[in-house]
Amino acid sequence: MIIIKNKDSISKMKEAGTLVALVHQKLKEIITPGISLLELDREAEKIIREHGAIPSFKGYEGFPNTICASMDEVVVHGIPSSRRLKEGEIISIDVGALKDGYHGDAAFTAAVGVISPEKEKLISVTEDSFFKGLQMAKVGNRLGDISHAIQKTVESAGFSIVREFVGHGIGEDLHEDPAVPNYGPPGRGPRLEAGMALAIEPMVNMGGSNIEILEDGWTVVTKDKQPSAHYEHTVIITESEPIILTRL
């Protein structure tokens, strides 16, 4: 069941989303060669708790940390460790925060120092595919219109979409209906209504779309070990333009 958010719910979701954006802002400042994934994780948790909120991911189905930190060929759900960032790598950071009973959830992929042109293009296309999908997040459209716009943008650039993991509704629960695929034909799926809150999150591989999950049960990697990028925002659909809740 898709839960339509009222004005009070949207206001609370905006508070949670703003907090996620603050975490993003800080981590982007400190992502440099030499910093460890655990240091990034500790900084994120510190900011969230200082604002009276709870990390959405920590303890969720047993996930051990505040952020998902996914390096290069890791698609999503990378577990922070003492591993230190190296020049030329890319890192995807996914963060969620629960404040006053509502979640915000967003992700970005960043360069560690100087990266190859191919990785720069991967990050750029992934972000662009989100915004192409966002353009379709309008009352009266179908959910599949968002999915199709993302897929078209990614594949026309020569990259591939991860199909096993998708976006989702969000609100009092971190994951609500509907699932938001990053692929599929237009004109399908639920009709979009004002008050729907969606976490739209394309996961894009430089090589093939196949993935596998490592023995830890969390870490998702590309099967061909090519890099992957991730971009996500929590979005509310309105009678006019969609609003991104997870940015400052």
Side-chain angles (χ1 to χ4, degrees), residues 27 31 36-38 40-41 44 55-86 88-96 105-112 115-116 118-130 133 146-148 150-170 174-175 178-184 199-232:
L27 296 191
I31 287 175
S36 76
L37 302 181
L38 276 176
L40 296 173
D41 187 71
S56 299
F57 300 169
K58 195 164 188 175
Y60 183 82
E61 296 186 353
F63 189 78
N65 293 86
T66 293
I67 64 171
C68 298
S70 305
M71 305 296 306
D72 274 0
E73 75 274 12
V74 180
V75 178
V76 287
H77 303 163
I79 298 173
S81 68
S82 58
R83 185 190 187 287
R84 295 189 179 278
L85 306 188
K86 299 174 185 174
E89 293 179 320
I90 59 174
I91 179 170
S92 298
I93 301 285
D94 196 355
V95 184
D105 183 9
F108 67 92
T109 300
V112 182
I115 61 174
S116 68
E118 292 80 11
K119 286 183 175 179
E120 287 182 353
K121 181 181 177 184
L122 176 66
I123 293 173
S124 174
V125 168
T126 303
E127 293 186 11
D128 187 43
S129 71
F130 165 86
I146 298 174
S147 307
H148 181 71
I150 292 171
Q151 181 182 13
K152 184 178 176 184
T153 304
V154 169
E155 293 182 347
S156 65
F159 298 135
S160 62
I161 279 287
V162 172
R163 295 176 179 238
E164 290 84 350
F165 295 89
V166 299
H168 51 90
I170 183 170
L174 180 59
H175 296 109
V180 185
N182 297 306
Y183 63 93
I200 301 171
E201 51 176 325
M203 289 152 262
V204 179
N205 293 349
M206 184 180 289
S209 63
N210 292 336
I211 54 97
E212 58 186 352
I213 301 174
L214 300 186
E215 288 184 357
D216 61 22
W218 283 105
T219 309
V220 179
V221 300
T222 57
K223 202 148 191 175
D224 59 13
K225 308 306 180 193
Q226 291 291 303
S228 183
H230 184 199
Y231 192 78
E232 176 187 19

Polar side-chain atom of Gln151 near backbone of Gly184 as donor-acceptor pair, under 3.5 Å: yes
Interatomic distance, Leu27 atom CG to Ile93 atom CD1 [nearest 0.5 angstrom]: 5.5 Å
Distance-only polar pair, side chains of Ser92 and Thr109, donor-acceptor under 3.5 Å: yes
Do Thr153 and Asp128 pair up side chain to side chain, a donor and an acceptor below 3.5 Å, judged on atom types alone? no
For Glu212, enumerate each residue passing the salt bridge (charged side-chain N to carboxylate O under 4.0 Å, His left out) test, keeping only those at least two apart in sequence or located in another chain. Lys225
Think Lys152 forms a cation-pi with Tyr183, using NZ or CZ under 6.0 Å from the six-ring centre and within 45 degrees of its axis? no
What's the shortest heavy-atom distance between Ala110 and Ile123, and which atoms? C-CD1, 4.2 Å
Which atom names give the shortest non-hydrogen contact between Ala199 and Ile170, and what distance separates them? N-CG2, 4.1 Å
Check: Ile146 and Ile200 side chains under 4.5 Å, non-hydrogen atoms: yes
From His77 NE2 over to Asp94 CG, what is the distance, rounded to the nearest 0.5 angstrom? 7.0 Å
Is there side-chain contact between His168 and Glu201, with at least one heavy-atom pair below 4.5 Å? yes
Using side chain to side chain contact (heavy atoms under 4.5 Å, CB included) as the criterion, list what pairs up with Glu120, not counting sequence neighbours. Ile115
The single option from Glu73, Lys121, Glu118 that satisfies side-chain contact (heavy atoms from CB on, under 4.5 Å) with Met206 is Glu118
Does any part of the side chain of Asn182, heavy atoms only, come nearer than 4.5 Å to the side chain of Val162, both counted from C-beta? no
Any chance the side chains of Asp105 and His175 put a donor and an acceptor closer than 3.5 Å? no
Could Glu89 and Arg84 be called an ion pair, given the rule that one side-chain N must be under 4.0 Å from one carboxylate O? no
Using a 3.5 Å distance criterion without hydrogens, assess whether the side chain of Asp216 forms a donor-acceptor pair with backbone atoms of Trp218. yes
State, yes or no, whether a side-chain contact exists between Phe165 and Val75 at a heavy-atom distance under 4.5 Å. no
Counting only N and O atoms by type, is there a donor-acceptor contact under 3.5 Å from the side chain of Ser160 to the main-chain atoms of Ser209? yes
Where do Ala111 and Ile31 come nearest, in terms of heavy atoms and distance? O-CG2, 4.0 Å
As an exercise, state the distance from CD1 of Ile150 to OG of Ser129, rounded to the nearest 0.5 Å. 5.5 Å
For the residue pair Phe159 and Leu122, establish whether any side-chain heavy-atom pair is separated by less than 4.5 Å. yes
Where Pro80 and Asp41 come nearest, the two heavy atoms and their spacing: CG-OD1, 3.8 Å
Distance flag, aromatic centroids of His230 and Phe130, threshold under 6.0 Å: no
From Lys86, Gln226, Lys119, residue fulfilling side-chain hydrogen bond (donor to acceptor under 3.5 Å, both in side chains) relative to Asp72: Lys119
What is the distance from atom CD1 of Ile67 to atom CG of Leu37, rounded to the nearest 0.5 Å? 7.0 Å
If I take atom CG from residue Leu85 and atom OG from residue Ser36, how far apart are they, to the nearest 0.5 angstrom? 8.0 Å
Do Thr126 and Val154 have side chains that get closer than 4.5 Å, going by heavy atoms? no
Between Val74 and Leu214, does the side-chain contact (heavy atoms from CB on, under 4.5 Å) criterion hold? Intermediate values first, please. CA-CA 10 Å; Val74 180; Leu214 300 186; 6.0 Å; no
